[in-house]
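Okay, structure first, notes after.
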Amino acid sequence: MATIEVQRQILPILESPNKGARFYNPELPQSEPFVPGHRTCAGCGPSIQYRMTSKAAGDNTILVGPTGCMYVANSSYLCTPYNVPWAHTQIGSSGSFTAGVSAAYEAMIRKGKWQGKFPNIICEAGDGSSSDIALASISGALYRNHDCLIICYDNEQYANTGIQASSRTPYGGMTTFSPPGPEVPEGKKLYPKDLARMMAAGHPHCYVGTASVGYPIDLMNKVRKGLNHKGAAFLMIYTPCQKGFVYETPRSIDLGRLVVECGLYPMWEWSPEKREYDYSFRPASMRPVSEYLKLQGRFGHLHAEHVANLQKFANRQWKMMGIQIPEALLLAEDAKNVTNMAAAAEAQAVAETV
Amino acid sequence: MPVMEATKRMVRINGCVASAQAAKYADVDVIAAYPIRPYTATMMALAQMVANGELDAEYIVADSEHSQLSIAHGAASAGARVFTGSSGVGVQFAYELYSPISGSRMPVQMMIADRTLDPPGDFGSEHTDALSTRDMGWLMGWSCDAQEAFDNHLIAYRIGEDRRVLLPQMVCQDGFFVSHITGDVELPDMGQVREFLPPYKHPYPLDPRHPVSHGPQIMPEQGPPLQLERARAMEESMAVVEQAHEEFAQIFGRKYDPWLEEYKTDDAEVVFFLQGAHAVTAKFAIQHMRERGIKVGMVRLRTIRPYPTEQVRESLSKFKVVGVIETNMALGSVSSGGALYAEAAAALYEADKHPLVMSFMAGMGGEAIVLKEFYWMTEKMIEAQKRGKIEKRTHWVGFEH
Ligand SMILES: Cc1ncc(C[n+]2csc(CCOP(=O)(O)OP(=O)(O)O)c2C)c(N)n1
Ligand code: SF4
Ligand SMILES: [Mg+2]
């Protein structure tokens, strides 16, 4: 059988990856595959991420949107923010639908039914989709190594259904399914599923990484690395949600940096070639978790012991990355050295805003 | 032999392999597989064809039936011709996807070799698996042997991919009775297939050169016009179904009535009304009973979606008694038996003459319906004819005397 060789795109890596949000980079592409006109909340982290990701990918791109805020609040019939082809899929179909698109292009190009370079195929799945209902679907796509990039835009909860706990919701995070009360003062008792590491460990032939909207150039470069990798790639990206986290809307990017500086969102890449983690990313400073927590109403109910637990969790992440922990952060593991976040009455007031 | 060079020949294959052959002749681009008996044999055959280089397709071993159907949805949305399939509980594991696929008007094709639903696990054939999806906007029909299965796949692609239709298709066959019983199948000349089935081209695929958005969120008032379009596509597919069967007969020389196969109905007073493989045994039973002077016949429903309401009314109103052989369960339904009764009775509602209609729960669990059961059901129909009324609407065959 005569077959045509599939040609793939290579996107250049941007310089100065680590200069933070307010850094203007003239290399940034002009194209805007994701345009204004959608209905997401002010300061919505996932949609800020959406713009960065699609900008990095460019116009020869197809987007897949499983159910979640980035479907419901973005797309409205007869008015679409996507300048490239986009399709909704079911919340449990993130990996599988994307795999189908990718497989179709492999076959159609090879059989001469479509001419052109293989498109970037990107799935924008929420954390509820990625860590729960579509976990097997995404694992299947990664395992089979379809040429595509699957992004978990991690707003640490099921946002679109009105803020419910997902497997990515942090310990102590208040959601409508994990409310604090006298019997359960911390709200969410479980620690988050280590989704990105599961994906790296289980699919070592894939490019896997974590990113945050706090570091746009780094984020866009990871998107490009994932797209340039021939085969499947997975990125888990921190994207704060003001509705669920309860913070002042201009602070989305600040939170995106603080979460990394507090050690609650380790930034790394898994190299499928070297088969090892790259932990070389360094935030500008290291801070106690309370600096991140205190900006958000969802943590307003935490007692000193819960904050200390989160500090222990963060310190374990620093340790995992081989980073030496300053003494102040070790001391903060002891509840005696931490103050309560809020009185119960204030927690109740915050709960009512969710 | 690569399919591109295939010339017409006879082979002896079972229904599963016939389905795989049809997918090969249709030159499908993407195949999504997941194992469950009995349809698995179709995917096994396709895997081998791909391994042998007889078919150039992406063969994807999915992680579940939900993923199979999602892969199929994604691939069809990108513009590929797609083939998938399942049986029994597998059909139901994928349930969420049936409406999105037909609603986005993607002519995905799915082969079903029927299997009973759990509990408990049973390999036998019952049509409940596919029938439970019957109102999801998929074209649907049953074949009764391997040749018809082969033909139905090609015909279904032709109908579903027609721009006037653009709907997915469930091409069903009874587990084991068709899927695993060999029969003589004529494989066509590739030229015939090319003439009958043009290359697939969806009008609005996900193509970066012509960006489109598929399936955006809608406001409540925007839903009904879209639902209406899907309903119209199903209604209007009736003309396309007829045209496709006509052209199939011209090109391949095998003529099927698209809706109903009638057997010895000319002077029949009582008839069986059924779908699928038990029609083969029914014909034998009818021949035997005819020798004894009993005026019995058979009407086999070949296409259940779209439902041929007029054709069923016209056909069934000719008889005194209609015995619906269900081979499916619709618990607590109007007959408290199967799903076929309700639609047949509804189709007859506007008829001038009304036959008595009864429902036979036969072939359940994948049991063969043996000759003496056909005789027993015929007796029940004749008794009702004599009485002029139905005393018992639903009979579980084999559990009564
Ligand atoms: C099968 C199914 N179950 C549940 C839902 C309801 N649902 C709609 S959006 C959503 C939240 C998704 O959460 P996530 O993936 O984290 O995305 P986010 O809303 O946070 O952006 C859920 C559960 C659904 N659409 N489909
Ligand atoms: S609820 Fe959260 S994720 Fe959803 S649109 Fe608003 S800010 Fe974005
Ligand atoms: Mg979420």
Side-chain angles (χ1 to χ4, degrees), chain A residues 1-3 33 39 58-65 67 71-108 110-111 113-114 116-117 119-121 134 136-137 139-141 143-144 146, chain B residues 2-4 27-32 34 53-64 66-82 84 96-97 99-100 104 106 108 199-201 204-219 222-223 225-226:
Chain A
M1 271 179 293
T3 60
R39 294 169 283 117
D59 294 327
N60 188 14
T61 296
I62 296 172
L63 299 168
V64 175
T67 317
Y71 163 54
V72 180
N74 266 338
S75 69
S76 351
Y77 190 51
L78 306 178
C79 170
T80 177
Y82 312 107
N83 257 338
V84 294
W86 167 92
H88 167 239
T89 189
Q90 304 313 110
I91 185 172
S93 305
S94 306
S96 37
F97 188 100
T98 311
V101 176
S102 177
Y105 271 92
E106 297 282 357
M108 292 191 304
R110 195 170 69 222
K111 294 166 89 170
K113 296 181 179 180
W114 193 83
K117 281 198 175 173
N120 300 315
I121 296 167
S137 160
S139 171
Y143 165 68
R144 295 186 302 265
H146 299 278
Chain B
V3 69
M4 293 308 174
D27 188 28
V28 296
D29 302 311
V30 176
I31 299 164
Y34 189 84
E54 292 168 47
L55 168 62
D56 184 2
E58 288 287 303
Y59 183 93
I60 302 178
V61 182
D63 44 279
S64 73
H66 188 282
S67 286
Q68 259 184 301
L69 270 284
S70 306
I71 289 167
H73 191 194
S77 302
R81 183 175 279 161
V82 187
T84 189
E96 186 192 14
L97 274 302
S99 181
S104 56
M106 291 302 160
V108 165
Y200 168 53
K201 229 174 159 30
Y204 306 109
L206 297 172
D207 181 342
R209 286 173 203 153
H210 309 282
V212 286
S213 289
H214 285 189
Q217 185 79 12
I218 55 172
M219 301 303 286
Q222 293 169 324
L226 297 172

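Looking at Leu69(B), neither its backbone nor its side chain comes within 4.5 Å of chain A, counting heavy atoms on both sides. Neither the backbone nor the side chain of Val108(B) has a heavy atom closer than 4.5 Å to any heavy atom of chain A. Both the backbone and the side chain of Asn60(A) come within contact range of chain B, judged by heavy atoms closer than 4.5 Å. Only the backbone of Asn83(A) comes within contact range of chain B, with at least one heavy atom under 4.5 Å from a heavy atom of that chain. Using a 4.5 Å cut-off between heavy atoms, Arg81(B) makes no contact with chain A at all. Both the backbone and the side chain of Ser76(A) come within contact range of chain B, judged by heavy atoms closer than 4.5 Å. Of the atoms belonging to Val84(A), it is backbone heavy atoms, and not side-chain ones, that fall under 4.5 Å from chain B. Only the backbone of Val61(B) comes within less than 4.5 Å of a heavy atom in chain A; its side chain stays farther off.
Ser96(A) places no side-chain N or O within donor-acceptor distance of the main-chain N or O of Ile71(B), the cut-off being under 3.5 Å. For Tyr82(A) (side chain) and Pro211(B) (main-chain N/O), no donor-acceptor pair under 3.5 Å exists by modelled atom type.
Using a 4.5 Å heavy-atom cutoff, the side chains of Asp63(B) and Tyr143(A) are not in contact. Proximity of Ile62(A) to Pro208(B): side-chain heavy atoms (C-beta onward) are separated by under 4.5 Å at one or more points.
Among all heavy-atom pairs drawn from Pro100(B) and Gln90(A), the shortest one is CG-OE1, 3.4 Å.
Counting heavy-atom pairs closer than 4.5 Å to chain B, the top-ranked of the candidates Ser139(A), Gly140(A), Ala134(A), Ser75(A) is Ser75(A). Contact count versus chain B (heavy atoms, under 4.5 Å) is highest, among Ala73(A), Gly92(A), Ser93(A), for Ser93(A). With respect to chain A, the highest number of heavy-atom pairs below 4.5 Å among Val30(B), Ile218(B), Leu97(B), Val212(B) belongs to Val212(B). Considering only heavy-atom pairs separated by less than 4.5 Å from chain A, the leading option among Ala78(B), Ala80(B), Ser67(B), Ser70(B) is Ser70(B). By number of non-hydrogen pairs under 4.5 angstrom with chain A, the leading residue of His214(B), Gln217(B), Gln222(B) is Gln217(B). The greatest number of non-hydrogen atom pairs below 4.5 Å with chain A, out of Ala75(B), Ser77(B), Pro216(B), is found for Pro216(B). Interface remark: of the candidates Ala107(A), Ser102(A), Cys79(A), Ser94(A), Ala107(A) forms the most heavy-atom pairs closer than 4.5 Å to chain B.
The ring pair (Phe, Tyr, Trp, His ring centres under 6.0 Å) search around His146(A) returns none, not counting sequence neighbours. Residues passing the side-chain contact (heavy atoms from CB on, under 4.5 Å) test with Ser104(B) are His73(B), Met106(B), sequence neighbours excluded.
The distance from the CD atom of Glu58(B) to the CD atom of Glu106(A) is 5.5 Å, given to the nearest 0.5 Å. For the atom pair OH of Tyr105(A) and CG of Asp207(B), the computed distance is 4.5 Å after rounding to the nearest 0.5 Å. Note that CD1 of Ile91(A) and CD of Glu96(B) are 9.0 Å apart. Values are rounded to the nearest 0.5 Å. Taking CG of Asp29(B) as the reference point, atom NZ of Lys111(A) lies at 4.0 Å (rounded to 0.5 Å).
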